[in-house]
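Heads up: the structure comes next, in structure tokens.
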There are 2 protein chains.
Amino acid sequence: MTVEIRPSQALKLWHDVTLDLVRGGDADLSARQMTILMTVYLEAPPHTVRGLAEKLGVTKPAITRALDTMGRLKLVARRRDDKDRRNVIVQRTVEGALYLERVGDLIVAKAGALPR
Amino acid sequence: MTVEIRPSQALKLWHDVTLDLVRGGDADLSARQMTILMTVYLEAPPHTVRGLAEKLGVTKPAITRALDTMGRLKLVARRRDDKDRRNVIVQRTVEGALYLERVGDLIVAKAGALPR
DNA sequence: GAAAACTGTCTCGGGCCCGAAATGATCGGG
DNA sequence: CCCGATCATTTCGGGCCCGAGACAGTTTTC
């Protein structure tokens, strides 16, 4: 299976998916929040505030605020690290996994509907 | 050329692209702004405030504010419709076209680097 | 055990975005 | 010619996000 795509198709795919996400209005995540969410679910744990801040190239308070908002939405959870109680470990949730699963399926569907 | 992709690949692709956009920090567009930008550049003109509001499922002031911000960034331009001077027509700009071209190339590059 | 280093969070001032409603400009039917 | 309909924008009150810097808790170093 190959993932070949032309720039014009790529943009149309991006457009179709973001349009659905905006219209759905479920979560209304910012680009940063979406990136944090995907990083937590796609990359190997553990995920800390500092680690996420470095990876995204933003300040730590920005990560804290994003985790506050996404925690309210039940998309992620926080837990103190027992090994080093200074650290906060970002954990996945069932709701977050389901949300990303829907996003993945949406992308696949839009990719399949793309003109050849 | 086919555009087949599995959900896990789709999510990784989305993650890789948004991470680059967040880290780059060029524009920092919200999901709505990005959707507006792509709609203006991918769909046939003319584009009006009301038409964009209906398409995205948001209020007209939200479109006006997005156009204000993106106008400051030179990504789109506004012009009065001479046929019906109540309408405002959203126009493309060179900067906007270049921005989307970079996004398209970024998606293609990330798609090509995806594990099979 | 005290001090330095490190973590995440809070505070501050400023800016942007939100939807609802009001406003100003323009068009069109009667 | 006028009054209602239709544009886009502005106003309003409220909320979230931003980075810089201060802060409290924890660990490590000496």
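When reading the values below, keep in mind they use all heavy atoms of this one structure, side chains included, and skip hydrogens, waters and symmetry mates. Lettering follows sequence order; numbering is per chain, from 1.
One interatomic measurement links the two molecules: CZ of B:R79 to P of D:dC7, which rounds to 18 Å at whole-angstrom precision. Rounded to an integer number of Å, the gap from B:L29 CG to C:dC16 P is 14 Å. Between B:D81 atom CG and D:dC7 atom P there is a gap of 12 Å when expressed in whole angstrom units. The CZ-C1' distance, from B:R85 to C:dG24, rounds to 14 Å in whole Å. Atom-to-atom, CE of A:M70 to P of D:dC16 comes out at 16 Å; the value is rounded to the nearest Å. Between the CG atom of B:L73 and the P atom of C:dC16 there is a distance of 11 Å, given to the nearest Å. Rounding to whole angstrom units, CG of residue A:D82 and C1' of C:dT7 are separated by 15 Å. If you measure from atom CG of B:D84 to atom P of D:dC7, you get 8 Å, rounded to the nearest angstrom.
Note on A:Q33: a side-chain N or O is less than 4.0 Å away from OP1 or OP2 of D:dC17. OP1 or OP2 of D:dA8 has not a single side-chain nitrogen or oxygen of B:R80 nearer than 4.0 Å. OP1 or OP2 of C:dG19 lies within a sub-4.0 Å distance of a side-chain N or O belonging to B:R32. Between A:R86 and the phosphate of C:dT9, there is no side-chain N or O to OP1/OP2 separation shorter than 4.0 Å.
Looking at A:D84 and A:R86, a side-chain N of the basic residue comes within less than 4.0 Å of a carboxylate O on the acidic one, giving a salt bridge. Salt bridge annotation for A:K12-A:D16: present, with a cationic side-chain nitrogen under 4.0 angstrom from a carboxylate oxygen.
In plain terms, the two heavy atoms of B:R85 and B:D82 that are nearest each other are NH1-OD1, 3.5 Å. Scanning all heavy atoms of the two residues, the minimum distance from B:K60 to B:V49 falls at O-CG1, 4.0 Å.
Residues from residues 34-64 of chain B placing a heavy atom under 4.0 Å of any atom in DNA chain C, listed by number, are B:T59, B:P61, B:A62.
In this structure a side-chain-to-backbone donor-acceptor pair under 3.5 Å is present from B:R23 to A:K55. Of the possible polar contacts, none joining the A:T93 side chain to the A:A77 backbone as a donor-acceptor pair under 3.5 Å is found. Counting only distance, with no hydrogens or angles, the side chain of B:R32 and the backbone of B:I63 share no donor-acceptor pair below 3.5 Å.
Between A:S30 and B:L67, it is B:L67 whose nearest contact on DNA chain D lies nearer the 5' terminus. If B:R65 and A:N87 are placed on DNA chain C by their nearest nucleotide, the residue sitting closer to the 5' end is A:N87.
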